[in-house]
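See structure below.
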Amino acid sequence: MSALRPSHWTFLSNHAHVLVVLDADPGLRVRDIADAVGITERAAQRILADLEREGYLARTRAGRRTRYEVHLERPMRHPVEAHAAVGLLVAALHRPDG
């Protein structure tokens, strides 16, 4: 592979990206989440459903808007990092200007 050709993989999954984005701004719309992560709205909806079903986030309605609460104490899912909570990852990726 050429050093000038960009690679198409990332270190984090889209599920992790969604958690990081929502922790920074829990009032984002699905469209905004999808744009921030670089995925379709449909993919964002599936990821949100996965994360809610597994207890990594909770949704509450505030009028016409949805607010998300990320459960930072939940363990990461892969056996290699299951000893650590997702909050450690989110905190490590927190933008100091955000």
Side-chain angles (χ1 to χ4, degrees):
M1 178 196 265
S2 168
L4 299 177
R5 199 168 113 208
S7 181
H8 296 287
W9 62 272
T10 65
F11 282 103
L12 300 176
S13 70
N14 288 337
H15 285 67
H17 292 137
V18 168
L19 285 176
V20 169
V21 166
L22 284 177
D23 187 66
D25 188 349
L28 287 176
R29 298 173 300 169
V30 174
R31 176 184 307 145
D32 299 325
I33 295 166
D35 287 345
V37 176
I39 57 178
T40 65
E41 286 184 50
R42 184 74 180 122
Q45 290 169 338
R46 282 193 304 270
I47 290 170
L48 290 167
D50 288 346
L51 293 171
E52 185 176 27
R53 182 177 49 255
E54 297 297 325
Y56 286 87
L57 65 81
R59 301 180 209 217
T60 56
R61 295 290 292 179
R64 295 176 53 198
R65 298 297 296 262
T66 300
R67 291 199 53 84
Y68 299 93
E69 177 187 354
V70 178
H71 294 235
L72 298 173
E73 74 284 355
R74 298 281 296 148
M76 290 197 228
R77 291 177 48 93
H78 194 280
V80 170
E81 63 265 351
H83 66 280
V86 296
L88 290 173
L89 176 68
V90 170
L93 298 173
H94 177 74
R95 297 178 84 166
D97 61 344

Could you state whether Val70 and Leu12 fall into the same hydrophobic cluster, counting links through intermediate Ile, Leu, Val, Met, Phe, Trp or Tyr residues with side-chain heavy atoms under 4.5 angstrom apart?
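Yes, it is one cluster - the side chains of Val70 and Leu12 are joined through contacts under 4.5 Å.
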
Do Leu28 and Val30 belong together in a cluster built from hydrophobic side chains that touch within less than 4.5 Å?
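Yes.
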
Not counting sequence neighbours, which residues clear salt bridge (Lys or Arg N to Asp or Glu O under 4.0 Å) with [X]? List them please.
X: Glu81; value: none
X: Asp32; value: Arg29
X: Glu54; value: Arg77

Counting only heavy atoms from other residues, nucleotides and ligands, does the tally under 6.0 Å from CZ of Arg31 exceed 12?
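Result for CZ/Arg31: open.
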
Show the atom names and distances, to 0.1 Å, of all donor-acceptor pairs under 3.5 Å that link a side chain in residues 38-51 to residues at least two apart or in another chain.
| unit_1 | atom_1 | unit_2 | atom_2 | d |
| --- | --- | --- | --- | --- |
| Thr40 | OG1 | Ala43 | N | 3.0 |
| Asp50 | OD1 | Arg53 | NH2 | 2.5 |
| Asp50 | OD2 | His15 | NE2 | 2.9 |

Test side chain to side chain contact (heavy atoms under 4.5 Å, CB included) applied to Ala85 - qualifying residues, sequence neighbours left out
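None.
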
Atom pairs and distances, side-chain donor-acceptor, residues 16-25, under 3.5 Å, sequence neighbours left out:
| unit_1 | atom_1 | unit_2 | atom_2 | d |
| --- | --- | --- | --- | --- |
| His17 | ND1 | Ser13 | O | 3.2 |
| Asp25 | OD1 | Gly27 | N | 3.3 |

Residues 56-63, side-chain donor-acceptor partners within the protein, below 3.5 Å, at least two apart:
| unit_1 | atom_1 | unit_2 | atom_2 | d |
| --- | --- | --- | --- | --- |
| Tyr56 | OH | Pro75 | O | 2.4 |
| Arg59 | NE | Glu52 | OE1 | 2.8 |
| Arg61 | NH1 | Thr66 | OG1 | 2.8 |
| Arg61 | NH2 | Arg64 | O | 3.1 |

Starting from Val80 and following side-chain heavy-atom contacts under 4.5 Å between hydrophobic residues (I, L, V, M, F, W, Y), which residues can be reached?
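Other cluster members: none.
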
